[in-house]
4 protein chains.
Amino acid sequence: MTDSYSKIIEIASQLMSKNGYHATSLQMIADKVEISKSSIFHYFINKEAILLALLKTTIPPAITVLSELANNKDLSGHEKLKRFLQFHMRLLAKKGNILHIYLSESKHLEKRNKKKYMEIKREYTRLVKQIIAQIQQENPNKFKGLNTTIVTNSILGMCNWGVEWYNKKGELTIDEIADQMYLIVYN
Amino acid sequence: MTDSYSKIIEIASQLMSKNGYHATSLQMIADKVEISKSSIFHYFINKEAILLALLKTTIPPAITVLSELANNKDLSGHEKLKRFLQFHMRLLAKKGNILHIYLSESKHLEKRNKKKYMEIKREYTRLVKQIIAQIQQENPNKFKGLNTTIVTNSILGMCNWGVEWYNKKGELTIDEIADQMYLIVYN
Amino acid sequence: MTDSYSKIIEIASQLMSKNGYHATSLQMIADKVEISKSSIFHYFINKEAILLALLKTTIPPAITVLSELANNKDLSGHEKLKRFLQFHMRLLAKKGNILHIYLSESKHLEKRNKKKYMEIKREYTRLVKQIIAQIQQENPNKFKGLNTTIVTNSILGMCNWGVEWYNKKGELTIDEIADQMYLIVYN
Amino acid sequence: MTDSYSKIIEIASQLMSKNGYHATSLQMIADKVEISKSSIFHYFINKEAILLALLKTTIPPAITVLSELANNKDLSGHEKLKRFLQFHMRLLAKKGNILHIYLSESKHLEKRNKKKYMEIKREYTRLVKQIIAQIQQENPNKFKGLNTTIVTNSILGMCNWGVEWYNKKGELTIDEIADQMYLIVYN
DNA sequence: AATGAATGAGGCTTCATTCAT
DNA sequence: AATGAATGAAGCCTCATTCAT
């Protein structure tokens with residue numbers, strides 16, 4: 001019964017990730033879900049609510065996990081980086097579409113929600129930056145003389161760009177990819 | 001006369017980079033250029049032609065330059081990487097909007113053009129990969145045991161993600177940023 | 001059980017009087033009554049049936065009363081006018097919303113019912129006109145030389161316009177208002 | 001060329017007066033004007049703008065005239081009342097549809113405009129009230145002991161109700177009707 | 001070269017209504 | 001008796017595009 005609800009989210013994920021928010025019409029979603037366009041409004045007050053619902057299940061939980069990791073008092077910086085890469089890439093592997101949508105389509109949210117999700121992005125970056133800073137403090141030779149923000153953004157870019165090329169059926173598992181990324185920046 | 005032509009491209013660059021292709025209407029462009037909507041059709045046969053024109057001035061030339069660099073017989077791999085990073089980041093600094101549009105909006109081109117620009121992306125990646133491979137060959141300890149494709153995509157991601165955060169007025173110049181990126185992956 | 005029925009009518013009265021028939025959706029009514037939209041269809045076959053039900057309790061009874069008054073053989077014209085004003089204004093005080101709806105929204109009834117309620121309006125006017133005519137006959141100096149129809153419509157307008165301004169909490173009671181109206185036209 | 005513009009206003013006047021704002025769809029207007037629905041948006045940014053345009057030509061000018069009359073230092077109160085009745089009824093004769101729309105549909109304007117037009121209504125009433133007060137002051141026996149507001153509203157109702165019954169082809173001219181109304185309240 | 005007029009297609013949304021439970 | 005699911009029709013509006021001038 002709430003079957004349609006999940007189907008809408010699932011299909012919308014696929015379509016919006018592939019075509020973008022505006023190029024995905026409710027008609028397209030309805031057709032694939034095999035319900036009528038107006039039925040969508042039983043489950044979502046408007047188109048944006050779909051985008052929102054789809055982000056909500058993935059993005060806020062992610063930041064909670066990252067926050068715990070970054071603030072963990074018992075782990076070394078490089079261990080945190082390793083775990084971050086694994087966590088983030090696993091997220092990408094499992095929720096690639098949603099991450100893709102988040103990264104590229106959240107600008108289409110209305111003001112309030114846009115602000116909220118932009119802040120999450122900033123907070124996410126801030127937490128990664130905190131990890132990098134810890135590394136620089138613990139290992140004076142690592143990232144020596146480098147700007148913490150640049151390092152942070154570079155590493156995030158390295159990961160996030162994965163939404164463009166990561167392929168579940170590729171020859172490496174997502175954990176192997178994460179390991180390699182770790183080695184690229186931390187050999 | 002060609003004044004309006006360039007203005008349209010310039011304004012379209014800004015708007016499409018900020019809002020995306022579909023969320024940028026011809027009316028919005030016309031308003032900012034201060035011409036009438038129908039006048040746009042004097043310069044471009046349709047909306048897509050604007051997107052196309054705007055990409056044409058930047059993307060194909062870029063690949064020509066990269067191609068020459070990658071195929072240069074006289075440079076070492078790590079020198080090529082250094083130069084690539086500088087070149088690519090300078091491109092981003094100068095043509096950030098267009099690069100952004102290219103990376104995120106070229107999916108909205110019609111089939112033929114989409115294919116063409118997708119191929120450019122693949123070719124671009126291939127050329128960077130060639131540089132990485134040269135490094136791995138020349139320096140058996142660098143990127144040792146790492147998958148060439150993963151390294152390539154990681155480095156490209158590191159750079160391209162810059163469209164999301166690079167700020168002309170930031171405290172570092174684009175060349176300094178490129179240098180730091182080089183150090184991140186090549187210290 | 002019939003609880004919901006009356007609530008629907010009551011809420012619909014308020015909303016339709018305030019917003020008009022078309023601007024009042026069944027959802028709005030359902031929300032205020034605190035039942036589901038589809039439950040409304042247990043009590044009324046369609047939206048129009050609500051409008052109809054709400055008019056039925058007020059309008060036809062009113063004409064019965066007016067008819068008896070106008071046709072009373074024992075009362076003088078000016079006494080009838082006095083009583084009409086009192087009766088009509090009391091109706092307005094008690095059933096302002098419904099009278100308002102009747103006067104402004106009965107055009108949205110379907111053909112048959114529209115015709116019926118238009119005829120009631122005409123009949124109502126006819127009965128008031130009959131009273132005016134009796135006055136003109138009994139008091140040759142009152143409304144002398146005036147067109148009976150114009151006088152009738154003027155007096156009805158004077159009263160009906162009350163739906164726009166009458167306020168239960170105003171400083172005058174509805175009977176005092178009716179008296180003053182009588183004095184305006186009959187000093 | 002701006003032919004369509006006036007046609008839209010004219011047709012919209014008729015339809016909205018007859019059916020009400022919400023029951024008049026842009027499609028109905030477009031069909032009668034014989035243009036396409038989307039063409040309407042060349043002339044009006046949205047449906048409400050039509051309603052607004054149609055009111056603008058009639059209502060604000062009317063209040064200007066009434067204001068001059070009410071504030072005229074040289075006229076007696078009863079002369080002002082006579083002139084007011086003539087002016088208002090002529091307005092009704094000439095712009096019946098628009099007056100009707102104003103009186104019954106301005107509640108559908110969006111907040112800002114609704115407020116503006118509600119204020120005009122109040123101001124209009126205030127000016128008529130000023131005339132009545134002048135009469136009460138100059139002629140201690142006229143409207144003696146009557147509440148100025150009630151008299152004002154009654155007279156306005158008498159007039160405004162005309163939108164429901166006045167017929168250009170009736171046997172009396174609008175000036176004759178105005179005269180009779182004057183006699184009803186001022187014999 | 002430039003534009004105002006016009007439009008068809010399609011987008012999002014509302015709404016009254018039906019139906020199975 | 002009550003309702004959640006579902007829908008077709010219609011509403012307003014946007015948009016890219018065409019065309020005559």
Side-chain angles (χ1 to χ4, degrees), chain A residues 1-5 7-8 21-30 33-50, chain B residues 1-5 21-30 33-51 108, chain C residues 1-5 21-30 33-51 108, chain D residues 1-5 7-8 21-30 33-50:
Chain A
M1 40 202 81
T2 309
D3 202 27
S4 292
Y5 178 85
K7 267 198 199 166
I8 292 171
Y21 180 74
H22 280 115
T24 302
S25 74
L26 294 179
Q27 190 64 69
M28 289 163 71
I29 296 172
V33 178
E34 291 182 300
I35 54 173
S36 85
K37 194 179 19 166
S38 59
S39 290
I40 293 179
F41 289 88
H42 247 282
Y43 300 98
F44 302 93
I45 50 162
N46 55 29
K47 187 184 178 183
E48 175 167 346
I50 303 176
Chain B
M1 59 191 118
T2 310
D3 196 31
S4 289
Y5 179 87
Y21 180 74
H22 280 111
T24 302
S25 73
L26 294 181
Q27 189 62 71
M28 288 164 71
I29 296 171
V33 178
E34 292 180 301
I35 56 173
S36 83
K37 189 176 33 164
S38 52
S39 290
I40 292 180
F41 288 86
H42 265 271
Y43 302 99
F44 301 92
I45 49 159
N46 56 29
K47 188 183 178 183
E48 178 169 346
I50 303 176
L51 174 49
H108 297 125
Chain C
M1 59 190 118
T2 311
D3 197 31
S4 290
Y5 180 86
Y21 180 75
H22 280 111
T24 301
S25 72
L26 294 181
Q27 189 63 71
M28 289 164 70
I29 296 171
V33 177
E34 292 180 301
I35 55 172
S36 83
K37 188 175 37 163
S38 52
S39 291
I40 293 180
F41 289 86
H42 265 272
Y43 302 99
F44 302 93
I45 48 160
N46 56 27
K47 188 183 179 182
E48 178 169 345
I50 303 176
L51 175 49
H108 297 126
Chain D
M1 42 200 80
T2 310
D3 202 27
S4 292
Y5 179 86
K7 267 197 198 167
I8 292 170
Y21 180 74
H22 280 115
T24 302
S25 74
L26 294 180
Q27 190 62 71
M28 289 164 70
I29 296 172
V33 177
E34 291 181 299
I35 55 173
S36 84
K37 194 178 21 165
S38 59
S39 291
I40 292 178
F41 291 90
H42 247 282
Y43 301 98
F44 302 93
I45 48 160
N46 55 29
K47 187 183 178 183
E48 175 166 347
I50 304 177

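Proteins get letters first, then strands, A, B, ... in listed order; numbering begins at 1 in each.
Rounding to whole angstrom units, CZ of residue A:Phe44 and P of F:dA6 are separated by 12 Å. Atom C1' of nucleotide E:dA16 and atom NZ of C:Lys37 are separated by 7 Å, given to the nearest angstrom. Atom pair B:Leu51:CG and F:dA16:P shows a separation of 13 Å (rounding to whole Å applied). For D:Asp3 and E:dG4, the CG to P distance is 18 Å, given to the nearest whole Å. In this structure, D:Asn46 atom CG and E:dT13 atom C1' are separated by 16 Å, rounded to whole Å. The CD1-P distance, from B:Ile50 to F:dC15, rounds to 14 Å in whole Å. If you measure from atom CD1 of A:Ile29 to atom P of E:dG10, you get 17 Å, rounded to the nearest angstrom. Atom pair B:Glu48:CD and F:dC15:C1' shows a separation of 16 Å (rounding to whole Å applied).
Phosphate proximity of F:dA2 to C:Ser36: absent, as no side-chain N or O sits under 4.0 Å from OP1 or OP2. Taking only side-chain nitrogens and oxygens, A:Ser39 comes nearer than 4.0 Å to OP1 or OP2 of F:dT7. The side chain of D:Ser4 places an N or O atom within less than 4.0 Å of a non-bridging phosphate oxygen (OP1 or OP2) of E:dA6. Residue C:Tyr43 places at least one side-chain N or O under 4.0 Å from the OP1 or OP2 atom of F:dA2.
Heavy atoms of C:Ile40 sit nowhere under 4.0 angstrom from any nucleic acid atom. At a threshold of 4.0 angstrom between heavy atoms, the contacts of B:Ser25 are confined to the sugar-phosphate backbone, with no base atom among them.
Comparing D:Glu34 and A:Lys47, the nucleotide of DNA chain E nearest to each residue sits closer to the 5' end for D:Glu34. In terms of position along DNA chain E, the nucleotide closest to B:Ile35 lies nearer the 5' end than the nucleotide closest to the other residue of the pair B:Ile35 and D:Phe41. Two residues, D:Tyr21 and B:His22, neighbour DNA chain F, and the one matched to the more 5' nucleotide by heavy-atom proximity is D:Tyr21.
A cation-pi arrangement is present between D:Lys47 and D:Tyr21 under the rule of less than 6.0 angstrom and at most 45 degrees off the ring axis.
Counting only heavy atoms from C-beta on, D:Leu26 has its side chain closest to F:dC13 among E:dA5, E:dT18, F:dC13. Taking every side-chain heavy atom of B:Ser38 into account, E:dT3 is the closest of E:dT17, F:dA6, E:dT3.
Between A:Phe41 and A:Asn46, the closest heavy-atom pair is CE2-CA, 3.9 Å. Contact between A:Ala30 and A:Ser36 at its shortest, heavy atoms only, is CB-C, 3.9 Å. In terms of heavy atoms, A:Met28 sits closest to A:Ala23 at SD-O, 3.4 Å. Heavy-atom minimum distance, B:Leu26 versus B:Ile40: O-CD1, 3.5 Å.
With pairs defined as Watson-Crick or G-U wobble and both atom distances under 3.5 Å, the stems of at least three pairs that touch DNA chain F come out as E:2-21 with F:2-21.
By the 30° and 60° cut-offs, the orientation of the rings of B:His108 relative to B:His22 is perpendicular.
Put simply, OH on B:Tyr43 and OH on B:Tyr5 are 11.0 Å apart, with the number rounded to the nearest 0.5 Å. Distance CD1/C:Ile50 to CD1/C:Ile29: 4.5 Å, rounded to 0.5 Å.
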